[in-house]
Amino acid sequence: MWKPLQKRADPPRGRNIRTHKQRETQITTLIDLNGFSKRVWAVAATGFFTNSYNLFATNVISPSLAYVYWNDATSNDRERNINVITLCGSVVGMILFGFLADLLGRRRLYGVELVLVTVASLGMAQCSEGFHSMDIVGWLSFWRLVLGVGIGAEYPLSAVISAEWTPTKSRARMMAAVFLMQPLGQFVAYLVGLCALIGISKNRELSPDEKRFDHAAPVVDAVWRCVVGVGAFPALIAIAARLSIPETPRYNLWKGKDKLAYDDATKVYGRLRDLYSGDIHSTVRERGAGQADAGNGHARSKEISNIGLAQLPSENTTSSPENGMVASNAEIVQQPANGVTSDSMESAGGSGQNVRRSKRDQITHNQFSRAELGQYFFTEGNWRLLAGTSLCWALWDIAYYGLALNNPRTISKIWLSHSLVTNGTAVPMWNSDPANPDASIYEALYTDATRSLITISIGSIVGSVLILGGINWVRRDRFLVWTFLALGVLFATMAGTIFGTYQNVAFPATIVLYTLAEILFNLGPNTLTFILPAELFPTRYRCFCHGIAAASGKIGSIIIHVILPHTSIYNVGASASPLARMLGIFAVLMAFGALFAWAWIPTVQYERSKPEKPDVEGQQSEKLSRNKRWTYPSIPLEVLTKGQQLREKEVDTISMRDHLAAIFRRRKP
């Protein structure tokens, strides 16, 4: 639990505000005086929607590709290879762009990843095998690799844009709203595939029961190209949105560009007089009236009107859950290997300003040196944060992509209503429904799309909407643990019940459990593993660490993609045992995910506030008091990202040994 800290001292006003630390506090507070920004959301969400659409379009186009180019194949080796190549590209994009965004700045990379997505989508839509002179699989693999790099790069950029631009009280809701674009993008991919199938087939007069290859293949070829090509349009919209927003103020502040940080902040949130003019207090009082308190999300219009920026903490003050202001790093963070930290130099003021600025510049230029990396991750113990977020994401993605990415065949298993009798005839890979081996390609594609919309997309959207509405009503670190455990129990239940529901009239029970799992996916780990890395790491490593955590997840998905084809789970006529074993393994992985989240993911929120008595303002104050009573206010990024020393002093530890020791201490009489 966060402990109450010392009373704040009043900082200098106006022209007396000279130090970098004081300017940083003022600029971040000006941001915190605002609410949920639709502009910031649009910038991050459009890119993430594009990312999701193009990633999950694989489910839509894979049967079409198999029908047109390898019609008689009974092995999914080609599809698996294309998927794995896409995921490998995502790993490269996450790590590379995360590194470059911290090294060069977020602004320089805005839209670059979306250009890759646009070019790759258009290139893939025009793939051809020529006059039997080229390998279509080779071309598809190349463009999917480029697409994967763009998709991967979007993860850290979208997360960091939304985290660094958003006021503290709206940060979690903003990031959850951005992540809502993943199930929506998946939903739209299936919907576009279904509409393209119906529309193009009607336009070219293809009957749903048409089984002649020479009649159906041209239509199916147009369908998959349409689905892929449509992915370029949201990318173009996202590029335009990205170019409209400047560099994040927090990155400029870390680089020592205080005036530029303030100017960029005013471009997005409106100008609040000149920071250096000494006359911003009245404007802040006007802007702050009726707004929420910056640190804990509680509406304190009277307090803001009274204090303006007059009571912002100086470099000698610390943060408090009551005010949410930024703590001084000089008191709580150890010196790195070279004896100087960027934050300790930012806290310095008075004489010697040029010397201190040159030292801070030296730190920013050497952020990825062996000494600085070793200091932050190992000397200060922050490797646990990276290990916790990465392992949780990896274990989670093994289960998620095992059930979702190449899902038509997995879904067909749980939709079987009767036992299959095989006559030795192999079902082609484009037909994922073994219950209807003589289906036309139209019927196969239509069945895949409708089942995916019902089983996957609806549940995913419901889960994302629920977490969006309740993200501040739960402790994110604890909720991650409990949803991991809930998924483990659910997977174990599915593994046990599938023997009684597989290939019989009770199959709807498995569908309900599968849909419930999709709800829990996005209600818990899928959303929270995206949010937490952007909150826990400092500005100088935020994109890079988020990229590493996300890449760990994609490595997990690559592992499950390589393993599944070597099992009998896709075999026609197979028993329920392979699917039950897979679900049982996923249950164990969810238990390990809960363990790592419990041990290595620290809190990112204050405790709930105690109820307050209503004042003379009446009902409005009563309502605010009720809201405060049930929400967990987010901790400012400037406090969260100070490292292990702050957490050990003020919050809690992130050591598995210490967590276990605490349990045993509580059990002692």
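This is a predicted model, so every value here is computed, not measured. Throughout, numbering of the chain's residues begins at 1 and tracks the sequence.
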Asker: What orientation do W139 and F142 show, parallel under 30°, tilted 30 to 60°, or perpendicular over 60°?
Answerer: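 Taking F142 first and then W139, their aromatic rings stand perpendicular (interplane angle over 60°).
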Asker: Does one side chain, of R171 or S162, offer a donor that lies under 3.5 Å from an acceptor on the other?
Answerer: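 Their side chains do not contain a donor-acceptor pair, so the 3.5 Å distance test is not met.
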Asker: Using the ring of Y401 (Phe, Tyr or Trp, six-membered ring only), decide whether K554 places NZ or CZ under 6.0 Å from its centre and within 45 degrees of its axis.
Answerer: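 Not satisfied by the 6.0 Å and 45° rule.
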Asker: Could you check whether any side-chain heavy atom of N522 comes within less than 4.5 Å of a side-chain heavy atom of V465, counting everything from C-beta outward?
Answerer: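 In short, these two side chains do not touch, never coming nearer than 4.5 Å.
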Asker: In terms of relative ring orientation, are Y400 and F521 parallel, tilted or perpendicular, with 30° and 60° separating the classes?
Answerer: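 Perpendicular, since the angle between the ring planes exceeds 60°.
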Asker: For a 4.5 angstrom cut-off between non-hydrogen side-chain atoms, does D102 reach Q367?
Answerer: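 They are in contact (side-chain heavy atoms under 4.5 Å apart), so the answer is yes.
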Asker: Do S452 and F187 come within less than 4.5 Å of each other through their side chains, counting heavy atoms only?
Answerer: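 In short, these two side chains do not touch, never coming nearer than 4.5 Å.
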Asker: Tell me, do M590 and L490 make a side-chain contact under 4.5 Å, heavy atoms counted?
Answerer: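 Contact flag for M590/L490 side chains = no.
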Asker: Check whether Y632 reaches the backbone of W473 with its side chain - one donor and one acceptor, N or O, closer than 3.5 Å.
Answerer: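 Not a single qualifying donor-acceptor pair exists.
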Asker: Below 30° counts as parallel, above 60° as perpendicular, anything between as tilted: where do the rings of F530 and F179 land?
Answerer: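 Rings of F530 and F179: tilted, as their planes differ by 30° to 60°.
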Asker: Would a distance-only check, ignoring hydrogens and angles, find a side-chain to backbone donor-acceptor pair under 3.5 Å from R106 to I161?
Answerer: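 Side chain of R106 to backbone of I161: no pair is present.
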Asker: When you measure from the side chain of N51 to the backbone of G47, do you find a donor-acceptor pair of N or O atoms at a distance under 3.5 Å?
Answerer: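 Flag not set: sc N51 to bb G47 has no pair under 3.5 Å.
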Asker: Check whether T483 reaches the backbone of L480 with its side chain - one donor and one acceptor, N or O, closer than 3.5 Å.
Answerer: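 A pair under 3.5 Å: yes.
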Asker: With no hydrogens and no angle check, just 3.5 Å: does a side-chain donor-acceptor pair link S460 and E518?
Answerer: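 Looking only at side-chain atoms, E518 and S460 do form a donor-acceptor pair, the distance falling under 3.5 Å.
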Asker: Got a second to check how far L87's CG is from T58's OG1, nearest 0.5 Å?
Answerer: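 It comes to 8.0 Å.
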